[in-house]
Amino acid sequence: MERTLREILAQAGEKLLASGLGPIEIEIPKEEGFGDLSTPVAMGLAKALKKPPRKIAEEFVKLIDNKNIFSKVEIAGPGFINFTFTRDFLSDELKRLITERDLFLTENVGKGRRVQIEFVSANPTGPLHLGHGRGAAVGAALANLLKETGFNIEKEFYVNDAGRQVRLLGLSVFAKYMASCGIDYPFPEDGYHGDYVDGLAAEFKEVHGDSFADKQFDEASENFIDFAYKKMLALIKKDLEDFGVIFDTWQSERDLYSNGDVVQAIDDLRVRGYIFEHEGATWFRSTEFGDDKDRVIIKKDGEYTYFAPDIAYHRNKILRGFEELVDIWGADHHGYIPRMQAVIQALGLPPESLRVLLVQLVNLLKGGQPVQMSKRAGEFITLREVMDDIGPDTTKFLFLTRRSDSHLDVDIEVAKAQSSENPVFYVQYAHARINSIFEKATETDGYVAGSQKSGDFDGALYNDEEMRLVKKLLLYPMVLRGAALTHEPHRITFYMQELAGLFHPYYHKYKVITGDVQLTKARLALCEAIKIVLHHGLKVLGVNAPDKM
RNA sequence: GCGCCUGUAGCUCAGAUGGAUAGAGCAACUGCCUUCUAAGCAGUAGGUCGCAGGUUCGAGUCCUGCCAGGCGUACCA
């Protein structure tokens, strides 16, 4: 529907102005009286053409072809052009939706462009918490969105298996292990305190006995670090799998060092003239690209800062051939965006090659009271706990009903209590109900199972409520496209709720299966179309579309 | 101090690239199950879009200042 209008308007635009108008804005009017779709294009041209908007709108309307698909083209308000489609056109579109299915719902805007989405990338030093879960839900949904709109997507988890944090984990486990061997060993000041650390120490002892009891940490560090972070990584992987989030690749930070990527990346920047030495340290001149200050990448003591492997990692992504990089970070890392953007530009790429999506941390409440979370003290609610309590579908939906950069309060008590009246069930229920109708229809004489898929029905039989549903369905491709281009999966969530919100009252008011064969066929077709769209939307969100509930 | 994000109904949040009379869910109250699923439906309410200016045909949306909350501002990760 919107696609057709977009083409028609573009043609008219070329006639109006030889240079064309560029992308023409198409809106969904707030009121039904304003037509099915609308464009404010004339108002935007008023200044350039030095004519009143309504006058421009009139001229524009004259240039529009294919008028037969509109039942009304109206100039309204300050200069809106409102389009109302004919029933025949809408009915044909619905038939296409039913027969072409996903092909009709999706539009190839990506044209196979290679995009990598890196998300979660939690340190393998403990279980995933709720914030990671939110990142996982958003990243997976975004990946689905972009896949459905023609992008070539790879999902990657960056494993911070080098550096201070995993070392600290190893040391924490070492201390607990020593204690369990009856040896007094000081627990590291910034060590990890969670129960899982005790678990790791116990497991280690089970495997190795007390054969390490006479060792210093420096002698045994690799044993402990490797053992601990690999266990944690396996746990993270399992949590994500159970959450329904599967990664294509897992990139190890250690490999960046052993491959020589880190050294090469710095050499590369040096050749390009963005590296300098100052007070014994090696710096990256990020101010060249708008960062507040230059950044150290090799410290006075010869150690790399965390920034060095990050540079190498992003360079590595580019060398792998990705045309666009999406990083999903916790909002507390927003301060790193300028320096990462500087890296991208220093490597010769346009700044828009890297898009950083910030996911706000999740604020956890328990019965209205904030729960203090501290990873170091081992006090935090894990994704696992919430997922086990309210289920992966509800958890994901919850994370996806809000813009990713908005603060999110999750009251764990409320989330549990509301598990049966959560919006996700509202949407899933619509899907299940339609399936139930189909089951009933196949039992009824005259309706062969799946016959509604042929698109053989008479759209003229639809009443107002049904036409409203038809139009809503035909807007889905536009919503999907918009959500993909803006990287905003929550738009799909809202659309899903709106669609279900039209279907349930309709279901309640009208019987689909009636004595009238033609009417029944038409209604089954409409239900089929709704089911197709619900299924597609839920798939994008990573949520199940159950046939029974 | 400086930078980024947020401020919309009692609560949680949408609001599309600057468009027409600012929306939904939850919570509250009242009704509806011999019917294709009551995880549903129908009805009832709520607003100085943080405050003050500005830009223009038009501002919740853009700009400036202020207020409030969060985060960041390391040769930590």
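Residue numbers begin at 1 in each chain, while the letters A, B, ... track the order of the sequences.
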Participant: Scan Tyr429(A) against the nucleic acid and name what it touches under 4.0 Å (heavy atoms): base, sugar-phosphate only, or nothing.
Facilitator: base
Participant: State, yes or no, whether a side-chain contact exists between Phe224(A) and Leu169(A) at a heavy-atom distance under 4.5 Å.
Facilitator: no
Participant: With the threshold set at 4.0 Å, does a side-chain nitrogen-carboxylate oxygen contact exist between Glu58(A) and Arg54(A)?
Facilitator: no
Participant: Do Tyr158(A) and Tyr313(A) have ring centroids that are under 6.0 Å from one another?
Facilitator: yes
Participant: Under a 3.5 Å limit for both distances, which nucleotide forms a Watson-Crick or G-U wobble pair with C51(B), could you say?
Facilitator: G65(B)
Participant: Quick check: any donor-acceptor pair below 3.5 Å linking the side-chain of His334(A) to the base of C71(B)?
Facilitator: yes
Participant: Atom CD of Glu498(A) and atom P of G23(B): how far apart are they, to the nearest Å?
Facilitator: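 So the CD-P distance, Glu498(A) to G23(B), works out to 13 Å.
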Participant: Syn or anti for C33(B), please, going by whether the chi angle lies within 90° of 0.
Facilitator: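 It is syn.
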Participant: May I have the distance from Arg433(A) (atom CZ) to A38(B) (atom C1'), rounded to whole angstrom?
Facilitator: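 About 7 Å, once rounded to whole Å.
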Participant: What integer distance in Å separates His333(A):NE2 from U73(B):P?
Facilitator: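 Going from His333(A) (NE2) to U73(B) (P), I get 9 Å.
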Participant: Is any side-chain N or O of Gln360(A) under 3.5 Å from a base N or O of U6(B), one able to act as donor and the other as acceptor?
Facilitator: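 By the distance-only test, no, there is no pair.
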Participant: Is Lys548(A) salt-bridged to Glu439(A), going by a charged N under 4.0 Å from an acidic O?
Facilitator: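 Answer for the salt bridge query: yes.
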Participant: Taking only side-chain nitrogens and oxygens of Lys293(A), does any of them come within less than 4.0 Å of OP1 or OP2 of A74(B)?
Facilitator: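 Answer yes for this pair, as a side-chain N or O of Lys293(A) is under 4.0 Å from OP1 or OP2.
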Participant: Whole angstroms only, please: what is the CD1-C1' distance between Ile298(A) and C75(B)?
Facilitator: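 Roughly 11 Å, once rounded to whole Å.
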Participant: Check whether any side-chain heavy atom of Asn463(A) sits under 4.5 Å from a side-chain heavy atom of Tyr510(A), and report yes or no.
Facilitator: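 The answer is yes, as the side chains (C-beta and beyond) meet within the 4.5 Å cut-off.
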Participant: Which of these nucleotides, C36(B), A20(B), G40(B), is closest to any side-chain atom of Ile513(A)?
Facilitator: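 That would be C36(B).
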Participant: If the cut-off is 4.0 Å, is Tyr506(A) near the phosphate of C36(B), judged by side-chain N/O to OP1 or OP2?
Facilitator: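 Result: no.
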Participant: Which part of the nucleic acid, if any, lies within contact of Glu279(A), taking any heavy atom under 4.0 Å across all strands shown: a base, the sugar-phosphate backbone alone, or nothing?
Facilitator: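 Base contact.
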Participant: Quantified in whole Å, what is the C1' atom distance between nucleotide A22(B) and nucleotide G47(B)?
Facilitator: 9 Å
Participant: Under 4.0 Å, counting only non-hydrogen atoms across every strand here, what does Asn435(A) touch: a base, just sugar-phosphate, or nothing?
Facilitator: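 Nothing, no nucleic acid heavy atom in range.
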Participant: Run the ring-ring contact (aromatic ring centres under 6.0 Å, His included) test against Tyr229(A) and tell me which residues pass, sequence neighbours left out.
Facilitator: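 Tyr229(A) satisfies ring-ring contact (aromatic ring centres under 6.0 Å, His included) with no other residue.
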Participant: Just checking Asp464(A): does its CG atom have more than 12 heavy atoms from other residues, nucleotides or ligands closer to it than 6.0 angstrom?
Facilitator: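 No, because the 6.0 Å sphere around CG of Asp464(A) holds 12 heavy atoms or fewer from other groups.
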Participant: When you check the phosphate oxygens OP1 and OP2 of C76(B), does a side-chain N or O of Lys299(A) lie under 4.0 Å from one of them?
Facilitator: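 Yes, such a contact exists.
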Participant: Out of C36(B), A39(B), C41(B), which has the shortest distance to the side chain of Met549(A)?
Facilitator: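 Minimum distance to the Met549(A) side chain belongs to A39(B).
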Participant: Generate the contact string for nucleotides 13-18 of chain B. Rules: B means base contact, S means sugar-phosphate contact only, - means no protein heavy atom under 4.0 Å.
Facilitator: SSSBB-
